[in-house]
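To start, the structure under review is shown below, and the notes come after it.
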Amino acid sequence: MHGYNFSQERIRRKWNNLLGTFKRVKKEFSPKKPPWEYYQILSDFLPPEASLTSLQGMTTAFTKVAPAVTTHNHRDVAPSSASSVLPQPSVTVHVPSPSLNKEIERGVKRQAMMEQYIEQLREKESYEDDYRKRKERRERMKIRALRKIGKELQTIAKTQCEILKKQDQILQAIKASKV
């Protein structure tokens, strides 16, 4: 659809090379060095807590989403009366980690990218299927035309044979009349 024709192997190699370069740049990150042009894009795409070794799994699972992590903060609740001697009850409050929203956002972005990619594959497959059908139709038309031409050539050959026979008869009649 967009004029690109890449094999799965080429895409896999490209992805592996991007991840390898990303890991190397991440390991050797220096504020003094100019950043790699794709570093920020991949950094936004990949989970931030992904270790360098866990990025290997990303070659086959693009939609890997980090598990939702929640932290538990205990807060004391003030007693209803100041004269109460009972121990203060504690309430467990589930506070999502600050990166959870970013993870969800990245997951949504990844999902959207994958859906877009799958849609492009479907469109390409549909286009290729339509092309194949048109090509088959053209081939059937060519075969029909060749059969028709073959029949016409047979008719012409029969007519020529008849003409030759009549020509031979006329020549024999001329020879017979001269004799």
Side-chain angles (χ1 to χ4, degrees), residues 1-28 34-48 50-68 102-179:
M1 183 172 108
H2 295 288
Y4 300 107
N5 187 16
F6 298 119
S7 68
Q8 288 179 345
E9 176 62 24
R10 186 170 178 190
I11 294 169
R12 186 192 59 74
R13 264 185 311 187
K14 183 60 134 177
W15 180 249
N16 285 340
N17 290 338
L18 282 170
L19 281 178
T21 304
F22 177 77
K23 289 186 330 186
R24 189 180 75 251
V25 169
K26 189 172 182 176
K27 189 186 284 188
E28 302 168 356
W36 177 47
E37 61 183 310
Y38 300 110
Y39 182 82
Q40 189 59 47
I41 295 169
L42 282 173
S43 181
D44 290 342
F45 181 74
L46 299 171
S51 66
L52 295 178
T53 55
S54 71
L55 291 177
Q56 286 303 103
M58 295 296 288
T59 58
T60 55
F62 293 147
T63 59
K64 177 183 174 189
V65 177
K102 285 187 178 182
E103 284 301 314
I104 291 171
E105 188 178 310
R106 282 190 181 111
V108 169
K109 283 182 182 178
R110 274 188 229 121
Q111 185 68 29
M113 288 173 67
M114 290 306 295
E115 287 173 358
Q116 181 182 10
Y117 175 71
I118 289 170
E119 183 61 30
Q120 287 175 351
L121 288 178
R122 285 183 183 143
E123 288 174 3
K124 180 180 178 186
E125 186 176 301
S126 173
Y127 174 78
E128 289 172 349
D129 191 42
D130 290 344
Y131 176 78
R132 181 186 49 79
K133 287 178 182 177
R134 287 192 311 270
K135 186 175 179 180
E136 288 172 356
R137 183 172 178 256
R138 283 191 305 268
E139 290 297 320
R140 286 192 304 269
M141 290 172 64
K142 285 179 186 177
I143 290 170
R144 251 186 262 131
L146 289 172
R147 285 182 181 153
K148 192 173 181 180
I149 291 170
K151 287 179 183 177
E152 291 296 322
L153 287 174
Q154 286 176 348
T155 304
I156 291 171
K158 285 180 186 177
T159 306
Q160 284 178 336
C161 285
E162 290 174 11
I163 291 172
L164 289 173
K165 284 180 187 176
K166 287 186 179 183
Q167 183 181 7
D168 287 341
Q169 289 173 354
I170 293 172
L171 288 175
Q172 284 177 1
I174 292 175
K175 280 185 186 179
S177 65
K178 284 187 179 182
V179 176

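Residue numbers count from 1 along this sequence. What you see is a predicted model, and the numbers here were worked out from it, not measured in a lab.
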**Any donor-acceptor pair under 3.5 Å from Ser126 side chain to Arg122 backbone** =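 Checking the backbone N and O of Arg122 against the side chain of Ser126, no donor-acceptor pair under 3.5 Å is found.
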
**Request:** Please check if atom CD in Glu28 has more than 12 non-hydrogen atoms from other residues, nucleotides or ligands closer than 6.0 Å.
**Result:** yes

**Prompt:** Got more than 12 heavy atoms from elsewhere within 6.0 Å of OH, Tyr38?
**Reply:** no

**Complete:** Which of Gln8, Glu9, Arg10 passes side chain to side chain contact (heavy atoms under 4.5 Å, CB included) with Phe6? It is Arg10

Gap separating the [atom1] atom of [X] from the [atom2] atom of [Y], nearest 0.5 angstrom:
{"X": "Asn5", "Y": "Glu128", "atom1": "CG", "atom2": "CD", "result": "7.5 Å"}
{"X": "Thr21", "Y": "Asn16", "atom1": "OG1", "atom2": "CG", "result": "10.5 Å"}
{"X": "Gln111", "Y": "Ile118", "atom1": "CD", "atom2": "CD1", "result": "7.5 Å"}
{"X": "Arg138", "Y": "Lys135", "atom1": "CZ", "atom2": "NZ", "result": "7.5 Å"}
{"X": "Tyr131", "Y": "Arg134", "atom1": "OH", "atom2": "CZ", "result": "8.0 Å"}

**Side-chain ion pair, Asp129 and Arg132, N-O less than 4.0 Å** =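 A salt bridge is present here (some side-chain N lies under 4.0 Å from a carboxylate O).
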
**Carboxylate-amine/guanidinium contact Glu136 Lys133, below 4.0 Å** = no

**Prompt:** Among pairs that include at least one residue of residues 142-152, which meet salt bridge (charged side-chain N to carboxylate O under 4.0 Å, His left out), considering only residues two or more places apart or in two chains?
**Reply:**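 Output for this query lists Glu139-Lys142.
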
Name every donor-acceptor pair, under 3.5 Å, that has one atom in a side chain of residues 168-179 and the other anywhere in the protein, sequence neighbours excluded.
unit_1: Ser177; atom_1: OG; unit_2: Ala173; atom_2: O; d: 3.3
unit_1: Ser177; atom_1: OG; unit_2: Ile174; atom_2: O; d: 2.9

**Message:** Quick one, Glu105 with Lys109, criterion salt bridge (Lys or Arg N to Asp or Glu O under 4.0 Å). Give me CA distance, side-chain angles, the key distance, then yes/no.
**Reply:** CA-CA 6 Å; Glu105 188 178 310; Lys109 283 182 182 178; 3.7 Å; yes

